[in-house]
Protein chains: 2
Amino acid sequence: MATQQAPAPSGRVLDHPDVDEIRLEHVLHALSDPMRLRIVCRLATDGGELACSVFDLPVSKSTCTHHFRVLRESGVIQQIYRGTAKMSLLRAEELERLFPGLLDGVLTAARHQEQRLAAS
Amino acid sequence: MATQQAPAPSGRVLDHPDVDEIRLEHVLHALSDPMRLRIVCRLATDGGELACSVFDLPVSKSTCTHHFRVLRESGVIQQIYRGTAKMSLLRAEELERLFPGLLDGVLTAARHQEQRLAAS
DNA sequence: GGTTTTGTACGATTTCCATCGTAGTACGGC
DNA sequence: GCCGTACTACGATGGAAATCGTACAAAACC
C-alpha cells in the first residue's frame, strides 16, 4: 500500500499561520526577496513537496533555513518533517482562496522577467 | 482650450526608471509596506493624478516623501510637479504590459483583505 | 517683496533583515 | 550505540529601511 518510499511525517511539528492570519503585506514581503522568489517559482513548477536540500541556492545553509522560515511564517509555504528531511509545499489553494489571482500573477511576472533578463 | 484648472508641469523634473529597468522584486518590496499599499490602492481607485497631500497618512511629511520616492523609484508610480503640488499617477498600463495581471492581483487582494479585516 | 502652501534635503535614530559560522539536534541506517 | 545526513538555534555583523525633526526651496498669490 505504500504509495511512496518517502518516510512518514515525524513528531516534530512546525508553526504555520492559519489562513485568516495571513497578511498580504507579509506575503508580498516574503516574495520580494530574490532567493525566496526563486524557491517559490521552483515549488510552483515542480508542483509537490520538495526538500530544502534540492534547492541549490548560492547562500549558506543557515541563510537557507531563514528564507524557508520567512516563507512559512508569512503563509506562502507549508513545511513538514519527513525523516531528516524537511519538505516544503506551496499553499497554493489557500492563497488562491484568500487572494485570487495573486500568486499566479507573481509567478507569471517572475517567469516573464526571467526570460526578459535572459535576453539581454 | 484649457482642459483643467490644474497648473502646468513646472521645470522641476524627477527621475523615473525606464520600463525595462523595472524589477519585480523592487515592485513587490514597494508594495509590501502598508503605507505604500494604501497609497497605491487609493491611486487605483481614484484613477488619476493625486497630490501627495490628499493622502492622509499617519506619518510625518518627510516619511511621506520617502514612501512616494520608493514607489517612484521602483516604477510603480509616476510623479510630476504642478505648481507647489507634486502629483502622483499609477503606471498601470506599463506595469500591465510588463507583468500582466500582477497589479490587479495585488489590488484585488488588498481590497479583499481590507473587507475581511473590517469584518472581524 | 512677503506669505502661504507644498514638498525636499539632510542628519540622526532605531529597527529590521540577509548573511554567516559554529555548535547542536533529530532521524535513519549500520 | 555510532555515524552520517539534513536541518536548527544562536549570536554576530553589516547594510538597508522606516521614522522623525529641522531647515530649506519652489511656486502661487496677495
Side-chain angles (χ1 to χ4, degrees), chain A residues 2 4-16 23 25-40 49-74 76-89, chain B residues 2 4-15 23 25-39 49-74 76-89:
Chain A
Q4 299 246 345
Q5 72 275 33
S10 83
R12 289 180 285 171
V13 182
L14 292 156
D15 241 35
H16 292 80
R23 291 290 172 274
E25 311 87 78
H26 298 163
V27 170
L28 292 177
H29 170 252
L31 297 176
S32 73
D33 181 276
M35 290 305 155
R36 294 193 290 259
L37 192 53
R38 206 161 131 177
I39 293 171
V40 169
E49 287 181 358
L50 289 181
C52 298
S53 54
V54 311
F55 298 86
D56 199 29
L57 300 175
V59 289
S60 74
K61 267 201 301 183
S62 19
T63 303
C64 212
T65 298
H66 162 70
H67 285 309
F68 278 97
R69 184 174 50 233
V70 172
L71 285 172
R72 172 169 46 82
E73 290 180 345
S74 66
V76 176
I77 66 172
Q78 202 220 318
Q79 294 192 291
I80 185 173
Y81 283 106
R82 293 194 187 278
T84 65
K86 189 189 198 177
M87 314 301 291
S88 293
L89 179 67
Chain B
Q4 299 247 345
Q5 72 278 31
S10 83
R12 292 180 285 172
V13 182
L14 291 155
D15 241 35
R23 292 288 172 277
E25 311 87 79
H26 299 162
V27 170
L28 292 177
H29 170 253
L31 297 176
S32 72
D33 181 277
M35 288 309 154
R36 294 193 291 256
L37 192 53
R38 207 161 128 177
I39 293 171
E49 288 181 357
L50 289 182
C52 298
S53 56
V54 310
F55 299 86
D56 199 29
L57 301 175
V59 290
S60 73
K61 264 200 306 181
S62 18
T63 303
C64 213
T65 299
H66 161 72
H67 285 309
F68 277 99
R69 185 173 50 233
V70 172
L71 285 172
R72 172 168 46 82
E73 290 180 344
S74 66
V76 176
I77 66 171
Q78 203 220 318
Q79 293 192 290
I80 187 174
Y81 285 105
R82 292 195 188 278
T84 66
K86 188 189 196 177
M87 313 301 290
S88 294
L89 178 66

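Atom set for the values below is all heavy atoms of this structure, side chains included, hydrogens, waters and symmetry mates excluded. Letters go in sequence order (proteins before strands), and every chain restarts at 1. Predicted, not measured: the structure shown is a model, and the values here were computed from it.
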Donor-acceptor under 3.5 Å (B:Ser74 side chain, B:Val70 main chain): yes
Sugar-phosphate, base or nothing in reach of B:Ser53, heavy atoms under 4.0 Å: sugar-phosphate
Touch class at under 4.0 angstrom, heavy-atom based, for A:Tyr81 against every strand present: sugar-phosphate
Whole angstrom value for the distance that separates P of D:dA17 from CG of B:Leu28: 14 Å
Euclidean distance, atom CZ of residue A:Phe55 to atom C1' of D:dC7 [Å, nearest integer]: 14 Å
Atom of A:Leu28, atom of B:Leu31 and distance for their closest heavy-atom approach: CD1-O, 3.5 Å
Spacing between A:Glu73 atom CD and C:dA18 atom P, to the nearest angstrom: 12 Å
Nucleotide C:dT19, atom P - distance to CG of A:Leu57 in whole Å: 10 Å
Exercise: identify the closest heavy-atom pair between A:Ile77 and A:Ser88: CD1-OG, 3.8 Å
Close side-chain approach of A:Leu50 to A:Met87, heavy-atom, < 4.5 Å: no
Atom pair distance, as rounded to whole Å: CE in A:Met87 and P in C:dA26: 21 Å
Base-contact (B) and sugar-phosphate-only (S) positions in nucleotides 18-30 of chain D, heavy-atom cut-off under 4.0 Å, - elsewhere: SBBB----SBS--
Rounded distance in Å - CZ (A:Arg69) to P (C:dT19): 13 Å
Nearest-angstrom distance from the residue atom CG of A:Leu31 to P of C:dA18: 12 Å
Rounded distance in Å - CG (A:Asp15) to C1' (D:dA9): 16 Å
Flag, side chain of B:His67 to backbone of B:Thr65, donor-acceptor distance under 3.5 Å: no
Flag, side chain of A:Arg72 to backbone of A:Asp15, donor-acceptor distance under 3.5 Å: yes
